[in-house]
Amino acid sequence: MSHKILVLAGDGIGPEIVAEAMKVLAVLRAEGVDIEIEQALVGGAAYDATGTPLPEETLRLARAADAVLLGAVGGPKWESLKIALRPEKGLLGLRSELGLFANLRPALLYPELASASSLKPEVVAGLDLMIVRELTGGIYFGQPRGIRTRNDGQREGFNTLVYSEAEIQRIARVAFDIAMKRGRRVCSVDKANVLECTELWREVVSVVARDYPQVSLTHMYVDNAAMQLVRAPKQFDVIVTTNMFGDILSDEAAMLTGSIGMLPSASLDAAHKGMYEPIHGSAPDIAGKGVANPLGTILSVAMLLRYTLGKPDLALRVERAVQAVLAQGLRTADIFADGCSRVGTAQMGAAVVAALRG
Ligand code: IPM
Ligand code: MG
């Protein structure tokens with residue numbers, strides 16, 4: 001059966017890093033993996049061409065695809081647009097229109113990069129945690145929202161944090177299922193001491209946990225979790241949390257590994273259709289210079305192979321190829337260290353392709 005992959009390069013460094021990931025896909029295709037690739041516009045690039053960050057055509061192709069591979073969206077050029085037209089809306093629209101409620105953000109420290117972390121090597125050595133972030137609900141999407149003028153003439157901004165039991169249950173199940181394949185520990189992160197919405201979150205996660213007696217569940221307030229992540233990050237196996245807390249904690253967790261440029265993510269629906277993207281942004285400051293790190297995007301291809309195509313063996317091969325180039329001492333600027341060879345985006349991609357071909 002042929003697998004359809006929609007590639008959305010997006011903005012900033014998006015096109016450069018996606019080009020390298022496509023080389024990896026091309027190798028697999030040449031080996032007989034049945035994938036069809038289409039490309040479309042999203043984000044600022046789509047806004048410039050069509051007046052909207054998520055054109056109908058892109059949405060149609062995304063719905064028809066088995067998986068979407070996305071580079072990055074956004075940049076200063078579009079920051080003065082109203083929120084509904086900003087590049088980020090393209091991303092948020094894809095997440096919600098495709099029902100991609102489960103966002104998996106692994107933070108894995110490659111031993112070769114231990115010195116790139118801002119934390120002491122002994123604190124991060126061997127770090128391997130997975131953040132499961134709820135992605136289509138919570139304060140990102142809750143209604144009502146907006147900016148309004150009060151009777152006294154003052155404007156006020158407002159957003160709504162809301163989660164239904166069903167939304168909490170399904171993301172909790174994803175987290176427990178993943179924990180079963182890992183270290184069998186889930187830490188649910190909330191602010192149940194202040195926010196009723198996450199009081200319900202805590203209660204529902206605890207009920208779901210009864211179906212997973214082999215998994216140990218703990219709860220942590222988000223402020224403590226933020227602290228624990230830098231104090232003793234190896235205490236975590238799987239963290240499950242709300243959309244906004246997950247947004248924040250996943251950036252923090254990413255930095256533990258030394259480079260946000262290394263980390264992939266998967267956003268899945270109930271049928272394991274998914275959108276895959278590096279967790280870093282569009283890095284407009286280095287766009288077009290050929291220095292961006294393509295490994296986060298290439299590792300996103302590995303996640304795509306694992307979660308949507310159901311090919312864990314190929315996923316592992318791609319991950320090993322990445323590890324091999326790191327072991328060879330190749331580093332893009334963001335992960336450069338003394339004694340290593342500094343390479344650009346395309347050289348890094350080519351090295352992964354060579355390692356993959358073996
Ligand atoms: C992320 C990003 C997005 C988010 C932005 C670009 C809308 O920060 O994927 O973490 O907040 O979800
Ligand atoms: Mg974020």
Side-chain angles (χ1 to χ4, degrees), residues 8-14 17-18 41-47 52-54 58 62 67-107 129-142 145 157 159-161 163 167 171 189 222 225-226 229 239-257 259-269 274-285 287 292-293 296-297 299-300 303-304:
L8 303 173
D11 309 318
I13 59 171
I17 53 178
V18 154
L41 294 171
V42 75
Y47 174 80
T52 157
L54 182 55
T58 300
V68 177
L69 179 67
L70 184 125
V73 297
K77 186 176 170 196
W78 304 283
E79 260 162 25
S80 55
L81 291 172
K82 54 181 190 189
I83 286 194
L85 293 177
R86 290 218 198 128
E88 291 78 3
K89 265 283 158 183
L91 188 60
L92 296 172
L94 280 167
R95 289 173 181 172
S96 80
E97 290 292 328
L98 300 179
L100 307 174
F101 69 90
N103 185 214
L104 316 187
R105 297 191 167 188
L129 69 90
M130 174 72 91
I131 296 188
V132 178
R133 169 190 177 193
E134 200 290 327
L135 201 61
T136 52
I139 199 163
Y140 271 53
F141 294 94
R145 63 191 294 157
N159 288 88
T160 302
L161 172 61
Y163 273 113
E167 284 177 301
I171 193 71
V189 171
V222 63
L229 269 175
I239 291 176
V240 63
T241 191
T242 64
N243 201 343
M244 188 161 71
F245 294 164
D247 177 44
I248 299 165
L249 294 181
S250 62
D251 269 22
E252 192 189 6
M255 211 50 225
L256 301 175
T257 70
S259 173
I260 197 164
M262 290 295 301
L263 296 180
S265 75
S267 305
L268 306 176
D269 74 1
M275 180 157 79
Y276 298 84
E277 53 181 313
I279 88 156
H280 59 70
S282 60
D285 51 320
N293 186 346
T297 317
L299 290 167
S300 298
M303 287 189 95
L304 186 161

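Numbering starts at 1 and runs along the sequence shown. In listed order, ligands and their atoms are each counted from 1. Quick note: numbers below take in every heavy atom, side chains included, and nothing from hydrogens, waters or symmetry partners. Treat the numbers as computed from the prediction; the structure is a model and nothing was measured.
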Next on the checklist: Please check this pair: side chain of Glu79 against backbone of Leu81, looking for a donor-acceptor N/O pair closer than 3.5 Å.
Outcome noted: no
Checklist entry - Counting only N and O atoms by type, is there a donor-acceptor contact under 3.5 Å from the side chain of Thr58 to the main-chain atoms of Leu54? => result no
Checklist entry - So how far is it from Lys89 NZ to Ile83 CD1, rounded to the nearest 0.5 Å? => result 7.0 Å
[Y] and [X], any side-chain heavy atoms less than 4.5 Å apart:
X: Ser265; Y: Arg133; value: no
X: Ile171; Y: Val132; value: yes
X: Ile13; Y: His280; value: yes

Which pairs of N or O atoms, one from ligand 1 and one from the protein, are separated by less than 3.5 Å, and what is the distance for each pair?
| from | atom 1 | to | atom 2 | distance (Å) |
| --- | --- | --- | --- | --- |
| ligand 1 | 8 (O) | Asp247 | OD1 | 3.2 |
| ligand 1 | 9 (O) | Arg95 | NH2 | 2.7 |
| ligand 1 | 9 (O) | Arg105 | NH2 | 2.8 |
| ligand 1 | 10 (O) | Arg105 | NH1 | 3.0 |
| ligand 1 | 10 (O) | Arg105 | NH2 | 3.1 |
| ligand 1 | 10 (O) | Arg133 | NH1 | 3.2 |
| ligand 1 | 10 (O) | Asp247 | OD1 | 2.9 |
| ligand 1 | 11 (O) | Tyr140 | OH | 2.5 |
| ligand 1 | 11 (O) | Asp247 | OD1 | 3.4 |
| ligand 1 | 12 (O) | Arg95 | NH1 | 2.7 |
| ligand 1 | 12 (O) | Arg133 | NH1 | 3.3 |
| ligand 1 | 12 (O) | Arg133 | NH2 | 2.8 |

Checklist entry - What protein N, O or S atoms come within a distance below 2.8 Å of the Mg ion (ligand 2), ordered by chain and number? => result Asp247 OD1
Item to check | Closest non-hydrogen atom pair, Tyr140 against Leu92 | outcome: CD2-CD2, 3.8 Å
Item to check | Contact summary for Val222 and Leu249, nearest pair of heavy atoms | outcome: CG2-CD1, 4.2 Å
Next on the checklist: Against Val189, only a single residue in Thr241, Thr242, Ile131 fulfils side chain to side chain contact (heavy atoms under 4.5 Å, CB included); can you say which?
Outcome noted: Thr241
